[in-house]
Amino acid sequence: MRSVALLGTGLLGEAIGRRLLQQGVSLFVWNRSQERSNALIDAGAQALSSPCEAPHSCNSVITVLRDGPVTAAVLKDIGPLDGSTLITMGTVGITESQSLARQAAQQGGHYLEAPVLGSKPQALNGSLLVMAGGEAQVFEEQQPLLSHLSQEPLLVGPVGSGAATKLALNQLIASLTHSFSLSLQLIQRAGVPVETFMNILRTSALYAPTFDKKLQRMLDHNYADPNFSTALLRKDLRLFLEEATTAGLQEHGLTGLLSLLEQAKGTDLDDQDYCALHELTVLP
């Protein structure tokens, strides 16, 4: 039975852990706040008292942590990897991921970035979209593990390419949510029935399924029980803008959206579903 360490058991991490347990994986878990691992421990996972215990008992070490700096700090805490493979499934920047790869090699391990598109429901049923970056041999070795979480995990290129793909997709999440919110706000103020607007939109080339997925939340102003928060969306959009600037892209059209998301800081919106952005598209 394959032994895997899971470091980071937040919303996505816990769902990934549950899926792996259901698939018969021998799972060891750690989280900075230990109580957030209790549900997985109750479900059959074994607790790690610190990250440094992971390589001694596990072939693969999965991290689902908030960002690159946190992941680098936890990797440092792990110490020698003893040939284990570090798999980062959280969203990090391109250069951050490349730095993590060098750090893992210096600590005697292998590295594979494997960010995912999808959240708790997709993790639980094994339908996450995995976009891996790294060496082909490392990917092939980890593919059976990744296949528990994704119907077709994909190697998109070397380290950094998976991170770039994930940031590009999350930029679309931010931009689509923002544009849909603005359109919805305008037609409501003009007295156009929402369902009339949606019927036209659904039959057009402009339609994206995420519009219907978030429509009722926006209409009800109900953003509780998030799978992906406003704070994380803001973090990922900032990462995208940093990488876009480095790549020499014209990103000014998105800086206003980042400024808008900054307004959620220190409010209840930050920990709510990211479509709470809808509350920010109206002038105060």
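Side chains included, hydrogens not; waters and symmetry mates left out as well; all remaining heavy atoms used.
Using a 4.0 Å cut-off between charged nitrogen and carboxylate oxygen, Lys214 and Asp273 count as a salt-bridge pair. No salt bridge links Glu242 with Arg238; every basic N to acidic carboxylate O contact stays at or beyond 4.0 Å. A salt bridge links Glu195 with Arg202; the closest basic N to acidic carboxylate O contact falls under 4.0 Å.
Considering all non-hydrogen atoms of both residues, Glu113 and Thr88 come closest at CA-OG1, 3.4 Å. Across every non-hydrogen atom of Ala123 and Leu12, the tightest pair is CB-CD1, 4.1 Å. What you find for Ile94 and Glu243 is that their closest heavy atoms are N-OE2, 2.9 Å.
Between the side chains of Gln185 and Arg189, a donor-acceptor pair is found at a separation under 3.5 Å. With 3.5 Å as the limit, one finds no donor-acceptor pair spanning the side chains of Thr71 and Thr63. Thr85 and His110 share no side-chain donor-acceptor pair at under 3.5 Å.
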query: Can you check side-chain hydrogen bond (donor to acceptor under 3.5 Å, both in side chains) on Ser127 and Gln122, steps first, answer last?
result: CA-CA 5 Å; Ser127 63; Gln122 292 75 32; 5.3 Å; no
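In this structure, CG on Leu269 lies 11.0 Å from OG on Ser229, to the nearest 0.5 angstrom. Between the NE2 atom of His178 and the OH atom of Tyr274 there is a distance of 14.5 Å, given to the nearest 0.5 Å. Taking OH of Tyr111 as the start and CG of Leu86 as the end, the distance is 6.5 Å to the nearest 0.5 Å.
Phe28 and Val64 are not part of a single hydrophobic cluster, where members link through side-chain heavy atoms under 4.5 Å apart.
Checking Leu7, Leu6, Asn31 one by one against Leu48, the side chain to side chain contact (heavy atoms under 4.5 Å, CB included) holds for a single residue, Leu7.
The backbone N or O of Thr95 sits nowhere less than 3.5 Å from a side-chain atom of Ser99 that would complete a donor-acceptor pair. A side-chain donor-acceptor contact under 3.5 Å links Asn59 to the backbone of Ser3.
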Listed pairs under 3.5 Å, donor-acceptor, residues 144-155 side chains, sequence neighbours left out:
residue: Ser147; atom: OG; partner: Gln143; partner atom: O; Å: 2.8
residue: Ser150; atom: OG; partner: Leu128; partner atom: O; Å: 2.8
residue: Ser150; atom: OG; partner: Glu152; partner atom: N; Å: 3.3

